[in-house]
Structure formats: structure tokens, C-alpha cells
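A short worksheet on the structure shown next.
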Amino acid sequence: MTYIDIIERVVTDKAEGLQSAANEIWSFAEIRYEEYKSAALLADVLEAEGFAVERRAGGIETAFVASYGEGQPVVAILGEFDALPNLSQEGDVVGYKPVVPGGNGHGCGHNLLGVGSLAAAMALKACKDELGLAGTVRFYGCPAEEGGGGKAFMAREGLFDGVDVAFTWHPWDENLAYHARMLATNQVYFTFRGVSAHAGFEPHLGRSALDAVELMNVGANFLREHIVQDGRIHYAITDTGGKAPNVVQSQAEVLYKVRAPLMAQVRDITERVKDVARGAALMNGNGGRNHLRCSLCRPHTERHVGGCASPGARQDRRSVLFEQREGVRSGDPEDFSEGRSSPH
């Protein structure tokens, strides 16, 4: 019996359970670092298949590593399972039909990605057993691929140490081996503070944080022409400060994503984006605290742009990772109005 025969048999035998798991993860639709049910489902299946499972791997609640065998080579198979915000959708429907309007959903096929990798891990385990192959099979449950940098934090915690080769895949409209160089990236949340006032009676007393966000976006758009050819700057306004136009917004937030071929280029562009933010804070006339939260940030850490890559951030990441949801912050915000770190 060849390895192809073994793979075909295993995948066929497990097909019904795999399809059920994919449908369940679709229905869970859990976004980055909140994939509790999805991670548990995959980990439970692997455990039942004889894998030794380390849950909450690297101190990350929804990361796990499942291992079978021992010794070299160590073959890693990466599985993702996070959804995206605002993409709730019924299954088997071509047109837009949300299960929950405005809810989370799988627009990128990660319900299939994790389960497809699960099938590969089970098939490789069978090949190892039946063909007497040496080595270790590892399935990595990787959270927060969609803008959360899950694998970067897993790597920092040493979870990939000793791996000889790693495989992953992604749903696509054709079957192919994709070999390409990706762009380096980071993310930064910029929060601007203003002064609230009645826009009709006393607008002169207000300092609009939303104005600062808009000014920043205008500046960033002019910056695009003057970065490396393959550089990218994206943004989304994540907090407009409210829905009442007759109130001057006292807080607003925008999320920026920077891409470039090299991380050094990403850092350089990000510093220039920060300068634009400082200028916007000056133009909005607010001497209060305008701050950023760093790369891949919410819910990781604050203050450093790309700072999750700084050695000093490492010891705090695990504790801050989920405390941020309860309003606990790590580090002091950066005061854009002064272009320096705030002592407060």
C-alpha cells in the first residue's frame, strides 16, 4: 500500500466528521483570540486521534499544539480557524444573507483551513504508523491570523523550535502550490482625545477628536506617494466618537495597517505615519493625551509601534493579552501633541 492509498482511505473514512467540524466552526464564527469553541473542537478531535495536546500554548488562550510520535524530522501542519467581523452569513447561500446582521463570519474560509489541516495531520499520522516512518507530526492551532499576529507570538514563545518543515494551505479557487514572498506588516491603533462641546451653541469650546482622525487620514494619503513602490498604507476608522453631529467628538480612533517588502521598511513608514498623527493632533488643537496602541495590538500591549517586537514587551504579553479586554492597560500612551511619551 502506498502513501497515496493511505491518504485517500483516511480522508474518505473521516470525511463526514471533517465536514461536520467545518460546519461547526463556520457557525461559531469566532474572531481573533476569541476562538474558544473552534480551538477546543480541533484539539478534542486530535486528542481522540491519539495526539498529545498542549492547550493554551505559549500562554495564548486559543493556541494549541498537538504532537504525535517522537524524534526527527518534526513536520508541522498549521491550522487556522478565526473569523472576521461583520461577515455573518448563512451557509450554502450565494447571496448576502447574514445569520446575525453585523455579526462575525467566515469570509476567508478559515473554517475549512483548520479542518483541512486536521485531515492532513490525521493522514500523515496514518502514513507514519503504517509505513513505519520516523519522526514527529505536529498540528499547530494558530489563532488570530486575521490581523492578530497569532503565529508571530507563538514563534516568540518558542513553540516552533525544533520544527524541520511546516506546511499550511488556504482555500482558493484553484488547487496549486503557492510559492511567493509576502509583505511584512504591522497594525497600529491611533486614539485621539478632544474636548466635547455643543456644536451649535459653543463649538469654539470644542476640540474635535474626529477632526484629528480625518486630518491624519488626509496626511497619510499624501504620504503614499513618497514610500517604497511596494509599500502599502491602509486604515479604518474604528471609533467616530458617537452618532450625534451636534456634539463635538471628544474621542475618536483609527486603525492603520502598514505593509512593505522588508520589516525595516515597515518600521520606517510607521514612524512617518506617527509623525502625521502628531501633526493631526497639533492641528486639532488639543493638548490632551492622544495615544497609540502597538502592532497587532488590541488586546496585546500599548505604546510601542511595532513594539511587540521589542525585547521588553515579551514578559508582559501573556498577562496583558486578555486583561486588555477588562480595561487593564500596559505601559503609558504616547502623547502625540508633544511628540513624546507621556509621564502620566
Side-chain angles (χ1 to χ4, degrees), residues 31 84-87 101-104 147 186-227 231-258 269-307 324-344:
I31 60 172
L84 286 159
N86 305 313
L87 288 180
N104 304 326
N186 71 2
Q187 289 190 165
V188 188
Y189 285 88
F190 293 86
T191 300
F192 293 87
R193 311 290 187 189
V195 178
S196 184
H198 193 286
F201 285 101
E202 298 177 320
H204 58 289
L205 299 180
R207 299 293 183 268
S208 173
L210 182 58
D211 285 356
V213 166
E214 293 187 273
L215 288 165
M216 179 181 178
N217 293 344
V218 170
N221 285 330
F222 277 99
L223 176 61
R224 293 175 194 275
E225 182 184 357
H226 306 289
I227 61 175
R232 304 285 185 269
I233 301 173
H234 322 289
Y235 61 82
I237 299 175
T238 52
D239 179 4
T240 61
K243 298 182 179 180
N246 62 331
V247 177
V248 176
Q249 295 85 353
S250 61
Q251 177 172 319
E253 180 183 77
V254 61
L255 169 62
Y256 267 74
K257 189 175 187 70
V258 176
I269 295 169
T270 301
E271 288 301 316
R272 295 168 71 187
V273 170
K274 287 171 61 180
D275 286 340
V276 171
R278 293 186 182 101
L282 287 171
M283 284 189 285
N284 105 311
N286 176 32
R289 295 170 70 189
N290 303 288
H291 69 272
L292 60 85
R293 288 196 299 275
C294 90
S295 114
L296 316 171
C297 351
R298 189 186 289 159
H300 297 293
T301 183
E302 292 192 8
R303 185 175 174 189
H304 294 292
V305 171
Q324 187 74 20
R325 296 186 186 143
E326 305 301 326
V328 177
R329 293 176 174 173
S330 170
D332 295 318
E334 175 158 337
D335 187 339
F336 287 118
S337 62
E338 298 295 331
R340 58 177 172 78
S341 295
S342 167
H344 304 295

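In this chain, residues are counted from 1 in sequence order.
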Within this structure, what is the CD-CZ distance for the pair E253 and F192, rounded to the nearest 0.5 Å?
10.0 Å
Any chance you could measure N217, atom CG, to F190, atom CZ, to the nearest 0.5 Å?
10.5 Å
What's the spacing between M283 CE and D211 CG if we round to 0.5 Å?
10.5 Å
Yes or no on side chain to side chain contact (heavy atoms under 4.5 Å, CB included) for V188 and V273, after CA distance, side-chain angles and deciding distance?
CA-CA 10 Å; V188 188; V273 170; over 6 Å; no
Side chain to side chain contact (heavy atoms under 4.5 Å, CB included) for M216 and Y235? Distances and angles first, verdict last.
CA-CA 10 Å; M216 179 181 178; Y235 61 82; over 6 Å; no
What are the two closest heavy atoms between A197 and L205, and how far apart are they?
CB-C, 4.0 Å
Applying side chain to side chain contact (heavy atoms under 4.5 Å, CB included), run through H198 and N246 and close with a yes or a no.
CA-CA 6 Å; H198 193 286; N246 62 331; 4.1 Å; yes
Side chain of N284, backbone of S208: donor and acceptor closer than 3.5 Å?
yes
Looking only at heavy atoms, which two atoms of V213 and A252 are closest? And how far apart?
CG2-CB, 3.6 Å
Carboxylate-amine/guanidinium contact D275 R278, below 4.0 Å:
yes
Side chain of R272, backbone of I227: donor and acceptor closer than 3.5 Å?
no
When every non-hydrogen atom of I269 is compared with those of V258, the smallest separation belongs to CG2-CG1, 3.6 Å
List the steps and the verdict of side chain to side chain contact (heavy atoms under 4.5 Å, CB included) for V218 and E214.
CA-CA 6 Å; V218 170; E214 293 187 273; 5.6 Å; no
Considering all heavy atoms of both residues, which atom of A209 and which atom of G194 are nearest to each other, and what is their separation?
CB-N, 3.8 Å
Find the distance between CG (L255) and CG (D239) and round it off to the nearest 0.5 Å.
12.0 Å
In Å, rounded to the nearest 0.5 Å, how long is the span from CG of N86 to CG of N104?
7.5 Å
For a quick test of reading the model, state the closest non-hydrogen atom pair linking A199 to P245 and the distance between them.
CB-O, 3.9 Å
